[in-house]
**Student:** 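One structure follows; several queries about it will come next.
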Protein chains: 2
Amino acid sequence: MNKEIDDKLKLKNIKPTAMRQLVLEVLLQHKTAISLPELEQKFEKADKSTLYRTLKTFQEKQLIHAVEDGTGSLRYAVCDDFCTCEPKDLHVHFLCIKCNKTYCLHDIPVPEIELPEGFTFENANFVIKGICKKCNF
Amino acid sequence: MNKEIDDKLKLKNIKPTAMRQLVLEVLLQHKTAISLPELEQKFEKADKSTLYRTLKTFQEKQLIHAVEDGTGSLRYAVCDDFCTCEPKDLHVHFLCIKCNKTYCLHDIPVPEIELPEGFTFENANFVIKGICKKCNF
DNA sequence: AAATGTTGTGCAATCGGGTTGCAAAGTCAA
DNA sequence: TTGACTTTGCAACCCGATTGCACAACATTT
Ligand SMILES: [Mn+2]
Ligand SMILES: [Mn+2]
Ligand SMILES: [Zn+2]
Ligand SMILES: [Zn+2]
């Protein structure tokens with residue numbers, strides 16, 4: 001099939017089933033993060049729970065990461081090639097309140113915060129809301 | 001009834017009904033942000049939709065603010081007295097992955113981010129996840 | 001006080017995203 | 001070919017959020 005897709009799957013140790021190839025293709029084409037319900041609509045006839053489990057697998061294998069953008073549904077985006085979903089890979093996300101799209105700001109790392117005494121860091125979710133470039137034009 | 005509570009309601013132009021007094025009392029007692037389902041459990045017999053609309057009203061009148069902590073339910077916490085829920089009032093939140101409590105880090109403002117060309121800022125939600133002081137002991 | 005309008009409350013129903021159990025289908029290696 | 005293991009499809013279910021509607025409480029006017 002598509003070389004790029006199979007390579008990405010192999011790189012993350014995910015067996016390249018037909019379903020997974022299709023889902024990854026959609027994820028790669030899509031420029032912004034996508035939710036399970038949105039993903040479902042991209043297919044004529046696809047089962048929600050299969051898609052759900054596909055996303056779960058992708059996430060566990062660190063092929064995609066999830067964004068809690070507060071829209072009520074988690075959104076997913078493909079990770080950079082050597083992302084391991086650790087703190088160093090965390091970046092800021094942007095939700096456009098007009099077009100409701102969620103962008104990965106890959107170049108903008110989540111700033112480090114000095115936590116209060118006794119609190120320890122594990123993870124972070126930083127979402128900025130506003131108007132995106134397209135909607136500002 | 002309770003002076004502090006009625007004062008806070010009056011300050012934000014909210015009519016002090018019995019229900020609202022009770023809800024605000026719970027919110028003030030609670031040291032961490034609280035969700036609608038959690039709030040519901042604090043009362044023997046209270047209607048979910050009334051509580052829901054009470055929270056909505058409080059939020060519109062800027063008596064409380066909502067935190068999207070990714071737990072699946074929005075959590076609410078009482079605003080500082082002169083908070084107007086504008087960018088200047090935004091602060092970081094902390095979700096403990098052990099006890100599942102969400103803390104307002106009132107002293108830690110959400111850092112300003114240089115957005116890409118064409119993107120404009122409206123709001124932000126910054127949640128750090130980790131282990132809280134109590135759970136670290 | 002009585003009539004009227006406005007606001008708040010309680011109940012039941014609905015919506016939607018996420019999640020699970022289970023059986024059938026597919027994969028793969030012995 | 002057989003049997004173990006993985007993946008998929010379908011049908012539920014869970015749960016937080018939200019809404020419509022009728023009634024109660026409250027305020028305002030006569
Ligand atoms: Mn991202
Ligand atoms: Mn807060
Ligand atoms: Zn936009
Ligand atoms: Zn804790």
Side-chain angles (χ1 to χ4, degrees), chain A residues 1 5-6 9-10 12-26 33-61 63-77 95 100-102 125 127, chain B residues 1 5-6 9-10 12-26 33-61 63-77 95 100-102 125 127:
Chain A
M1 277 280 214
I5 286 176
D6 282 7
L9 289 172
K10 176 168 277 180
K12 304 279 182 162
N13 283 304
I14 302 167
K15 267 197 265 181
T17 68
M19 195 70 242
R20 287 170 182 170
Q21 288 167 333
L22 289 172
V23 169
L24 181 52
E25 190 176 3
V26 170
I34 191 171
S35 69
L36 174 55
E38 285 161 356
L39 183 61
E40 215 180 337
Q41 293 181 351
K42 295 274 172 185
F43 295 94
E44 278 295 318
K45 172 198 163 295
D47 181 62
K48 187 171 49 150
S49 50
T50 301
L51 295 174
Y52 169 74
R53 288 187 273 233
T54 301
L55 291 173
K56 267 266 137 72
T57 303
F58 283 5
Q59 199 182 358
E60 279 157 13
K61 299 301 183 89
L63 175 58
I64 63 176
H65 61 280
V67 190
E68 295 156 1
D69 64 7
T71 54
S73 51
L74 277 176
R75 286 210 167 125
Y76 302 88
L95 169 65
N100 192 37
K101 290 195 167 100
T102 294
N125 185 59
V127 177
Chain B
M1 277 277 216
I5 288 177
D6 282 8
L9 289 172
K10 175 168 277 181
K12 303 280 181 161
N13 283 305
I14 302 167
K15 267 199 263 179
T17 69
M19 196 69 243
R20 288 168 181 172
Q21 289 167 333
L22 289 172
V23 170
L24 181 51
E25 192 175 2
V26 170
I34 192 172
S35 68
L36 173 56
E38 286 162 354
L39 183 60
E40 214 181 338
Q41 293 181 351
K42 296 273 173 188
F43 296 93
E44 278 295 318
K45 174 198 160 301
D47 180 64
K48 190 171 45 151
S49 50
T50 302
L51 295 175
Y52 170 75
R53 287 187 273 232
T54 301
L55 290 174
K56 267 266 136 75
T57 303
F58 284 4
Q59 198 182 358
E60 279 157 12
K61 298 302 182 88
L63 175 58
I64 63 177
H65 61 280
V67 190
E68 296 157 1
D69 64 6
T71 54
S73 52
L74 276 176
R75 288 218 168 115
Y76 302 88
L95 168 64
N100 193 36
K101 291 195 164 98
T102 294
N125 184 60
V127 176

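Note that the coordinates shown come from a computational prediction; the quantities given were computed from them, not determined experimentally. So that the names make sense, note that chain A is the first sequence line, chain B the second, and so on, each numbered from 1.
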**Student:** Expressed in angstrom and rounded to an integer, what is the separation of L51(B) atom CG from dT19(D) atom P?
**Tutor:**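 Computing the L51(B):CG to dT19(D):P distance gives 16 Å.
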
**Student:** Could you check if a side-chain atom of P37(B) sits within less than 4.5 angstrom of a side-chain atom of Q41(B), using non-hydrogen atoms only?
**Tutor:**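 They are not in side-chain contact.
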
**Student:** Walk along nucleotides 6-11 of chain C from 5' to 3' and tag each nucleotide B, S or - by protein heavy-atom contact under 4.0 Å, base first, then sugar-phosphate.
**Tutor:** -SSBBB

**Student:** Nearest 0.5 Å, please: how far is CG in D69(A) from CG in L95(A)?
**Tutor:**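 L95(A) atom CG to D69(A) atom CG measures 5.0 Å (nearest 0.5 Å).
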
**Student:** Between L9(A) and Q21(A), what is the shortest heavy-atom contact and its length?
**Tutor:**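 Here L9(A) and Q21(A) meet closest at CD1-CG, 4.1 Å.
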
**Student:** Ignoring hydrogens, what is the shortest heavy-atom contact between E68(B) and V127(B)? Give both atom names and the distance.
**Tutor:**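 It is O-CG2, 3.4 Å.
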
**Student:** Decide yes or no for L74(A) and L36(A): does some side-chain heavy atom of the first lie under 4.5 Å from some side-chain heavy atom of the second?
**Tutor:**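 Result no, sub-4.5 Å side-chain heavy-atom pair not found.
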
**Student:** Are there any protein N/O atoms within less than 3.5 Å of an N/O atom in nucleotides 14-17 of chain D, and if so, which ones and at what distance?
**Tutor:**
unit_1: dA17(D); atom_1: OP1; unit_2: L74(B); atom_2: N; d: 2.8
unit_1: dA17(D); atom_1: N6; unit_2: K48(B); atom_2: NZ; d: 3.1

**Student:** By salt bridge (Lys or Arg N to Asp or Glu O under 4.0 Å), which residues pair with E40(B), not counting sequence neighbours?
**Tutor:**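 Applying salt bridge (Lys or Arg N to Asp or Glu O under 4.0 Å) to E40(B) gives none.
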
**Student:** Verify the neighbour count for atom NZ of K12(A): are there more than 12 heavy atoms of other residues, nucleotides or ligands below 6.0 Å?
**Tutor:**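 Buried by this count: over 12 neighbours within 6.0 Å.
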
**Student:** Could you give the CD-to-P distance, from Q21(B) to dC26(D), as a whole number of Å?
**Tutor:**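 After rounding, the gap between these two atoms is 11 Å.
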
**Student:** Are L39(A) and Y76(A) packed together at the side-chain level, in the sense that at least one heavy-atom pair is separated by less than 4.5 angstrom?
**Tutor:**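 Not in contact.
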
